[in-house]
Protein chains: 2
Amino acid sequence: MSSRTAARAELSLWRDIVILRRKIERELEQRLQQDAGVSVADFEILTTLRSAPDGRLRARDLADVLGWEKSRLSHQVTRMEGKSLVERQDCPTDLRGTWVVITEQGHSAADRGENGYGEVLANRFDVLDESERTDLDSMARRVVQASDPAACDSAEAIFGAS
Amino acid sequence: MSSRTAARAELSLWRDIVILRRKIERELEQRLQQDAGVSVADFEILTTLRSAPDGRLRARDLADVLGWEKSRLSHQVTRMEGKSLVERQDCPTDLRGTWVVITEQGHSAADRGENGYGEVLANRFDVLDESERTDLDSMARRVVQASDPAACDSAEAIFGAS
DNA sequence: GTCCTATCGTTGACGGGTCATCCACGCCGA
DNA sequence: TCGGCGTGGATGACCCGTCAACGATAGGAC
């Protein structure tokens, strides 16, 4: 609950995080576009659906796992339906609900994108050794959880503890 | 030049960085909106201009310092002109050039936003101790510089070495 | 059954960000 | 002086992401 103001160091830390993230995201975007013709947002949806039973999830669960707002998900799914990467299906047990299902084309795009995506990340983070990567990840997680303890647990809740 | 594919750990690291950044940015956005009626993008421009001599910079330099694309800057300045936060001025020595100048209203908005912005960052990063923050920053910097050695130097080139 | 409230999802409006394109100007060499 | 190339910047189209508002259903209290 401290309300001290950020020092120079924190401003610069924040700036560097923003730049890091934008740089990598841009590279992922280009690579995915070239390999598979999909965007980063498309790809995140596809890989999440792929790892779910029957390649489908309730919209609500999908949003939770990704940490997205429901409206963002809805817009995204609409765009992806247009590209035939996913389909919407009615949910019989809850008439409010919607299943988002990956299509064959979705699978194929995910296949084509996977390697490049991994390569970009591997190359970018290669300048850090393994213990640094671990530390970095745990720091990021701690900062997020400090403000919202419930946030990072949705994936485990749905897919089971790792 | 390795083309190994990313392991689970890197995928998860990347995911956590994306979430961290979105969470903090969202909080900054809301706080700035409430305190000063400006967006994060607005605020970045305002504080950069404020720290420059005469409160103005060439569009090109402003873009370099922020690490933005020139078109992004142009769109942003257009929006900000509409809110009277900045003005464009012709550059007499290079007729292609444009100065972006902070207005009185811009100064005032920056004043109102400053504290809240700093507070949010201070609070978020409070869960890390000082050496962790330093490490985190240096890691972020290293990752960025590994892919683009020229990137982070523009600020120093314009404002002088720190 | 009837209300009341909470949840699920969609939509429209709007700011953010990239890309491709365009034009004006600076720079330089013939 | 002219032509050609590089740079500075603006613009339009398009996708991304948030917010506010909405309609519809679920689920509990009574």
What are the bounds, 5' to 3', of the part of DNA chain C that sits under 4.0 Å from heavy atoms of chain A? C:dT7 to C:dC19
If the test is salt bridge (Lys or Arg N to Asp or Glu O under 4.0 Å), which one of B:R141, B:R142, B:R133 qualifies with A:D16?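 Among B:R141, B:R142, B:R133, the one meeting salt bridge (Lys or Arg N to Asp or Glu O under 4.0 Å) with A:D16 is B:R141.
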Just distance, no hydrogens or angles: give the donor-acceptor pairs under 3.5 Å from side chains in residues 65-75 of chain B, sequence neighbours left out.
| from | atom 1 | to | atom 2 | distance (Å) |
| --- | --- | --- | --- | --- |
| B:E69 | OE2 | A:R26 | NE | 3.4 |
| B:E69 | OE2 | A:R26 | NH2 | 2.9 |

Taking salt bridge (Lys or Arg N to Asp or Glu O under 4.0 Å) as the test, write out the residues that go with [X], two or more places apart.
X      : result
B:R88  : B:E81
B:D111 : B:R50
B:E44  : none
A:E29  : none

Remaining members of A:V101's ILVMFWY cluster at a side-chain heavy-atom cut-off under 4.5 Å?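 Direct or chained contacts put A:V101 with A:W99.
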In this structure, how many angstroms lie between the C1' atom of D:dG9 and the CG atom of B:D61, rounded?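 Atom CG in B:D61 sits about 13 Å away from atom C1' in D:dG9.
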If the sugar-phosphate is the primed atoms plus P, OP1 and OP2 and the base is the rest, what is the B/S/- string for nucleotides 12-22 of chain D, using protein heavy atoms under 4.0 Å? BB--SSBBB--
Can you name the side-chain hydrogen bond (donor to acceptor under 3.5 Å, both in side chains) partners of B:R124, sequence neighbours left out? B:E27
Considering residues at least two apart in sequence or located in another chain, which fulfil the side-chain hydrogen bond (donor to acceptor under 3.5 Å, both in side chains) criterion with A:D94? A:R96
Any pair with a residue in residues 17-64 of chain A that passes ring-ring contact (aromatic ring centres under 6.0 Å, His included), sequence neighbours left out, goes on the list, sorted by first then second residue, please.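 Only A:F43-A:Y117 qualify under ring-ring contact (aromatic ring centres under 6.0 Å, His included).
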Would you jot down, in residue-number order, the residues of residues 90-98 of chain B having a non-hydrogen atom under 4.0 Å from DNA chain D?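 The answer is B:R96, B:G97, B:T98.
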